[in-house]
Amino acid sequence: MILRGVISSHYSLLFLLIGFLVVSSSITRVLSWGVIHVKYKFAGSQRSIVDLKVHDSVRQVRILAGVDLPLGGSGRPDGLGLYYARIGIGTPSKDYYVQVDTGSDIMWVNCIQCKECPRRSSLGIDLTLYNIEDSATGKLVSCDQDFCYAINGGPLAGCTANMSCPYLEIYGDGSSTAGYFVNDIVLYDRVSGDLKTSSANGSVIFGCGAIQSGNLGSSNEESLDGILGFGKANSSMISQLASSGKVKNMFAHCLDGVNGGGIFAIGHVVRPKVNMTPLVPNQPHYNVNMTAVQVGHDFLSFTPDIFDSGDRQGVIIDSGTTLAYLPEMVYEPLVSKILSRQPDLKLQTIHDEYTCFQYSKSLDEAFPNVTFHFENSVTLKVYPHEYLFPYNGLWCIGWQNSGMQSRDRKNMTLLGDLVLSNKLVLYDLENQTIGWTEYNCEYRVTFPFTIAL
């Protein structure tokens with residue numbers, strides 16, 4: 001994820017930029033459950049087989065950076081996630097396009113003071129800089145407010161009551177975003193009784209990005225206005241809305257693996273039924289305990305502790321990762337059993353890491369399903385047409401060997417978009433559980449599943 005904390009050498013610059021606290025009123029309306037329609041960042045474009053791995057490599061560096069220490073590496077922070085959404089901020093409301101990311105916590109957008117922020121995007125969207133002076137409901141968050149204490153682990157040296165609370169987040173590739181926290185109205189879609197959507201809003205504290213460095217700056221062609229974190233921390237938008245007592249601390253997503261895009265919904269899923277498995281405690285991400293891996297009717301032989309590595313425990317569920325990464329002791333027998341169903345295949349290795357082959361018949365009839373088993377008898381089934389993807393007239397295996405990654409990422413187990421698409425995934429932060437069920441996530445005029453407060 002990201003490193004959170006204080007780097008004192010940046011504070012004098014931040015305080016000069018931020019200035020003194022401005023007091024203004026805030027309007028809060030009663031919230032219902034909500035939905036955020038998301039778009040796949042690369043919908044309509046053919047991503048190369050190299051792009052997939054580069055994206056995931058940057059993503060893994062970012063995830064590990066929040067667990068261990070700052071890691072080196074190259075890449076761009078567009079590896080943060082695959083999906084973006086439009087939300088409204090301020091009164092009157094202006095539209096902002098933000099990365100929707102279950103791997104980070106706070107929400108932030110680029111601010112009017114920023115000189116190095118991107119002004120245009122190749123994604124075909126108009127970028128907007130937030131200006132607190134243009135919003136009747138915007139106000140700064142001061143250094144003596146509880147939110148500032150909580151996110152920084154206590155009072156900040158040199159940050160007094162009449163100053164705004166600064167933030168600084170450093171990504172694994174060395175890029176960073178810095179600025180100050182503001183409180184304003186955030187608008188999104190609400191699901192009404194007839195399962196159609198209407199506008200809803202809530203008061204949310206988020207970062208106002210004033211200093212961007214590295215690949216978060218103006219050189220990034222695939223820029224967005226910021227990031228909307230759906231992580232586990234109390235600073236996330238969903239946690240803030242839940243703390244007001246207006247919504248439950250739960251959300252779900254349903255991502256369309258065929259057309260791209262999908263839905264993030266705030267609230268409890270009533271229908272269809274979702275079986276839940278407990279989250280591993282004291283982990284910064286959505287980690288779960290995997291108990292078995294099944295290929296067709298056969299179970300692989302290994303001990304569950306193979307998924308633990310140092311302080312990292314369990315399997316990471318992350319919609320912002322493209323493929324799925326397994327420890328070498330799981331990957332090799334899994335791929336071997338898959339390929340044993342068609343022993344006459346002529347295998348090719350593409351880019352030194354992808355196993356590919358030609359095949360013209362039905363994938364689902366020729367190759368086995370892969371089923372992951374978790375605590376509470378929860379299973380996740382992945383079909384051949386989901387773990388095999390086309391490339392230049394070939395079919396390539398989407399499973400990746402994390403044992404071949406760098407030392408920091410060695411034997412990481414991470415299940416990404418390859419296994420999460422076309423499934424309704426429910427995150428219950430109140431009960432610290434997560435679950436999923438197969439579902440058609442193609443966007444419809446009406447809301448595709450039933451949620452409630």
Side-chain angles (χ1 to χ4, degrees), residues 40-64 71-83 103 122 171-173 215 220-222 257-258 260 295 316 318-360 363 366-368 370 382-421:
Y40 185 64
K41 195 172 182 181
F42 301 100
S45 63
Q46 181 66 45
R47 303 189 67 196
S48 75
I49 199 168
V50 175
D51 287 340
L52 297 177
K53 201 61 177 289
V54 169
H55 168 93
D56 286 354
S57 179
V58 176
R59 180 73 175 181
Q60 290 166 14
V61 166
R62 177 173 184 262
I63 286 175
L64 287 175
L71 301 179
S74 61
R76 302 178 309 188
D78 62 16
L80 300 181
L82 295 169
Y83 298 90
S122 63
Y171 294 87
D173 72 339
N215 291 306
N220 188 354
E221 295 180 356
E222 294 163 349
V258 177
V295 183
I316 300 174
D318 179 40
S319 63
T321 295
T322 307
L323 302 173
Y325 295 79
L326 302 169
E328 189 166 14
M329 293 181 64
V330 176
Y331 168 84
E332 290 188 349
L334 181 145
V335 171
S336 178
K337 283 187 176 295
I338 288 174
L339 296 176
S340 67
R341 293 291 186 91
Q342 300 294 328
D344 296 329
L345 291 175
K346 294 181 179 180
L347 303 179
Q348 302 179 41
T349 301
I350 305 297
H351 296 294
D352 298 325
E353 55 188 342
Y354 291 95
T355 300
C356 305
F357 52 85
Q358 286 187 333
Y359 196 78
S360 58
L363 296 176
F367 297 93
V370 174
V382 188
Y383 297 94
H385 71 268
E386 294 172 329
Y387 66 71
L388 295 170
F389 63 92
Y391 175 72
N392 287 353
L394 303 174
W395 289 103
C396 297
I397 296 176
W399 307 115
Q400 293 294 291
N401 183 356
S402 62
M404 296 179 63
Q405 309 302 309
S406 68
R407 179 176 59 84
D408 298 291
R409 287 173 277 163
K410 188 176 180 66
N411 289 330
M412 167 187 272
T413 309
L414 199 157
L415 303 182
D417 210 38
L418 179 143
V419 303
L420 298 178
S421 294

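These numbers come from the heavy atoms of this one structure, side chains and all, not from hydrogens, waters or symmetry mates.
Closest of all the heavy-atom pairs between Glu386 and Leu418 is O-CG, 3.5 Å. Minimum interatomic distance between Gly398 and Leu323 (heavy atoms only, all atoms of both residues): O-CB, 3.7 Å. Heavy-atom minimum distance, Leu363 versus Pro384: O-CB, 3.6 Å.
A donor-acceptor pair under 3.5 Å links the side-chain atoms of Gln342 to the main chain of Ala366, judged by distance alone. Although no hydrogens or angles enter the test, the distance criterion places a donor-acceptor pair under 3.5 Å between the side chain of Ser402 and the main chain of Leu326. For Ser421 (side chain) and Asp417 (main-chain N/O), a donor-acceptor pair under 3.5 Å exists by modelled atom type. Side-chain atoms of Trp399 do not come within 3.5 Å of backbone N or O of Leu334 as any donor-acceptor pair.
Between the CH2 atom in Trp395 and the OG atom in Ser360 there is a gap of 11.0 Å [rounded to 0.5 Å]. Atoms OH and CG, on Tyr325 and Asn401 in that order, are 11.0 Å from each other to the nearest 0.5 Å.
Ring centers of Tyr359 and Phe367: under 6.0 Å apart, within the cut-off.
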Worksheet item: Does the side chain to side chain contact (heavy atoms under 4.5 Å, CB included) test come out yes or no for Ile338 and Leu388, once each step is laid out?
Response: CA-CA 11 Å; Ile338 288 174; Leu388 295 170; 5.7 Å; no

Item to complete: Go through the steps for Tyr354 and Gln400 under the test side chain to side chain contact (heavy atoms under 4.5 Å, CB included), then give the verdict.
Response: CA-CA 8 Å; Tyr354 291 95; Gln400 293 294 291; 3.5 Å; yes

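Ile397 is listed as a side-chain neighbour of Leu339, based on a closest heavy-atom distance under 4.5 Å.
A 6.0 Å sphere centred on CD of Gln358 holds no more than 12 heavy atoms belonging to other residues, nucleotides or ligands.
When each of Pro368, Pro333, Ser340 is checked for a side chain to side chain contact (heavy atoms under 4.5 Å, CB included) with Val295, only Pro368 meets the rule. If you run side chain to side chain contact (heavy atoms under 4.5 Å, CB included) between Cys396 and each of Phe357, Tyr391, Tyr387, only Tyr391 comes through.
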